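The chain is numbered in sequence order, starting from 1. As the structure is a computational prediction, the values presented were derived from the model and not from experiment.
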Amino acid sequence: MNPRTRHALEFVLDNLVWFMLLFVLVVFSIFIPNYFQLGIFANIIEASSVLGVMSIGLALVIIAGHMDLSVESVAALSAMAVGILFCSSGIGMGVQLHPEWLMVPVSLLLALAVGGLIGAFNGFLVVKVKMSAFIITLASYIWVRGLVLVISGGRSAQDLAPAIRWFGIQRLIGLPLTAWIAIACFVVFSLIMAKTPFGRHLVMIGGNETATFRAGIRVNRNLVIAFVLAGAIAGLAGWLLAIRTSGATANLGVGLLFNAFAAVVIGGVSLKGGVGTLPGVYAGVLLLSAINTAINLMGLPANFTQVIHGLLVLAAVLLDAFKQTIRLRLA
């Protein structure tokens with residue numbers, strides 16, 4: 001095989017999920033009436049904003065060779081904290097700050113702090129106490145969701161302050177600012193993973209933690225930072241979720257964890273750690289959103305969504321094994 005063919009094949013393997021997304025969009029545009037229009041594509045990007053942000057934090061921890069099952073509940077708790085303080089109906093306290101724009105950074109910092117603290121708690125138990133990340137974050141998934149129920153009493157907070165809700169209403173080039181926030185997060189963290197020592201170290205830790213430690217890299221510190229980032233990013237997803245729904249409910253975000261896992265796996269991140277890129281994860285998020293939009297346009301029952309998502313995850317795992325086989329032959 002000549003170098004040009006080898007390079008082309010490696011490019012296709014590295015960006016396979018983007019080709020899958022393009023193929024799906026072309027097929028849907030041909031066979032589904034009214035699918036091919038800018039409004040639909042804008043809706044796909046907008047609908048993927050919350051899931052996309054949540055998937056970033058999950059991907060960071062998985063690339064580092066661990067697991068975080070708590071991100072969905074963390075997002076719900078962050079959204080509820082913002083809702084209780086800054087909503088004016090239901091259980092909302094209707095807190096007002098002057099000038100009004102101060103409510104934006106304050107609510108955002110609150111959401112990030114809630115998520116970051118839970119992430120730090122998870123990271124401490126996993127890294128310092130040497131407990132299983134699966135068990136610790138599963139426990140956090142349960143107790144954090146329980147805390148949401150306790151704080152809310154099963155009730156909802158409604159009518160988010162207009163100054164915060166503005167981000168979900170105001171549009172730039174056809175997309176709400178919440179979608180641009182999600183895109184910016186992917187760009188920033190993609191650069192961090194590709195261009196900074198921290199990002200490269202996470203990949204190395206996920207590939208071989210023992211060898212990375214022996215190379216003199218501070219494994220524990222990087223892992224704790226990864227868990228804190230995952231929690232804080234989940235808090236940001238909760239903030240966006242509160243904006244999108246103009247409040248918070250006790251069951252807000254239920255099911256997002258499994259969709260985030262699907263997006264991460266479809267995006268090419270290996271659950272074994274050490275493999276994956278955030279642009280691929282974003283393509284996975286968009287692919288799921290494109291399929292959901294197609295199902296809605298065709299008027300199919302919502303149950304079809306879970307079936308298709310499950311089959312996509314299975315296909316992604318099989319494709320990952322197939323790609324590794326090809327890479328071994330290219331080596």
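At distances below 3.5 Å, not a single donor-acceptor pair connects side-chain atoms of Thr245 with backbone N or O atoms of Ala248. Judged purely by atom type and a 3.5 angstrom limit, Ser156 has no side-chain atom pairing as donor or acceptor with the backbone of Thr249. Under the 3.5 Å distance criterion, the side-chain polar atoms of Ser70 are left unmatched by any main-chain donor or acceptor of Tyr141. Under the 3.5 Å distance criterion, the side-chain polar atoms of Thr212 are matched with a main-chain donor or acceptor of Met204. In this structure, Arg218 contributes its side chain and Arg221 its backbone to no donor-acceptor pair below 3.5 Å. Looking at Asn296, its side chain does come within 3.5 Å of a backbone N or O of Asn292 through a donor-acceptor pair.
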Please assess Leu77 against Ile151 for the test side chain to side chain contact (heavy atoms under 4.5 Å, CB included), listing each intermediate value before the final yes or no. CA-CA 9 Å; Leu77 181 60; Ile151 292 173; 3.8 Å; yes
One pair to check against side chain to side chain contact (heavy atoms under 4.5 Å, CB included): Leu229 and Phe198. What are the steps and the verdict? CA-CA 12 Å; Leu229 282 175; Phe198 171 73; 3.9 Å; yes
Could you please spell out the steps behind the side chain to side chain contact (heavy atoms under 4.5 Å, CB included) verdict for Glu209 and Leu223? CA-CA 10 Å; Glu209 185 172 325; Leu223 285 176; 4.1 Å; yes
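Residues Leu112 and Ala232 approach most closely at CD2-O, 3.3 Å, considering heavy atoms. Between Ile91 and Met80, the closest heavy-atom pair is CD1-SD, 4.0 Å. Here the closest heavy-atom approach between residue Phe86 and residue Ser107 is recorded as CE1-CB, 3.7 Å. In terms of heavy-atom proximity, Val285 sits nearest to Ser48 at CG1-CB, 3.3 Å. Nearest heavy-atom pair across Leu278 and Leu60 is CD1-CD2, 4.4 Å.
Here the options are Leu147, Asp68, Asn122, the test is side chain to side chain contact (heavy atoms under 4.5 Å, CB included), and the partner is Ser140; only Asn122 passes. A side chain to side chain contact (heavy atoms under 4.5 Å, CB included) with Cys87 holds for exactly one of Leu160, Val95, Asp159, Val82; it is Leu160.
Rounding to the nearest 0.5 Å gives a distance of 8.5 Å between CG of Leu25 and CG of Leu286. Separating the CD1 atom in Ile164 from the CG atom in Leu108 is a distance of 9.5 Å, to the nearest 0.5 Å. In this structure, Phe134 CZ and Leu69 CG are separated by 5.5 Å, a value rounded to the nearest 0.5 Å. We find the OG-CG distance between Ser73 and Leu138 to be 9.5 Å, quoted to the nearest 0.5 Å.
Residues Trp166 and Trp101 have side chains not in contact (no heavy-atom distance under 4.5 Å, counting atoms from C-beta outward). Residues Arg244 and Thr178 are not in side-chain contact: their nearest non-hydrogen atoms beyond the backbone lie 4.5 Å or more apart. Looking at heavy atoms from C-beta onward, Leu252 lies in side-chain contact with Leu241 at the 4.5 angstrom threshold. Side-chain contact between Asn34 and Ile40: absent, with no pair of heavy atoms (C-beta onward) separated by less than 4.5 Å. Proximity of Ser78 to Val114: side-chain heavy atoms (C-beta onward) are separated by under 4.5 Å at one or more points. For the pair His201/Ile217, a side-chain contact is recorded, criterion being any heavy-atom separation below 4.5 Å from C-beta on. The shortest side-chain heavy-atom distance between Val50 and Trp239 does not fall under the 4.5 Å cut-off. Put simply, the side chain of Leu177 does not reach to within 4.5 Å of the side chain of Ile243, judged on heavy atoms.
In this structure, Trp18 has its ring center no closer than 6.0 Å to that of Phe23. When ring centroids are compared, Phe227 and Phe124 stay outside the 6.0 Å threshold.
Between Phe186 and Tyr282, the angle of the ring planes lies from 30° to 60°, which puts this pair in the tilted group.
We find that Glu72 and Arg145 are joined by a salt bridge, their nearest charged nitrogen and carboxylate oxygen being less than 4.0 Å apart. Remark: Arg171 engages Glu46 in a salt bridge, criterion side-chain N to carboxylate O under 4.0 Å.
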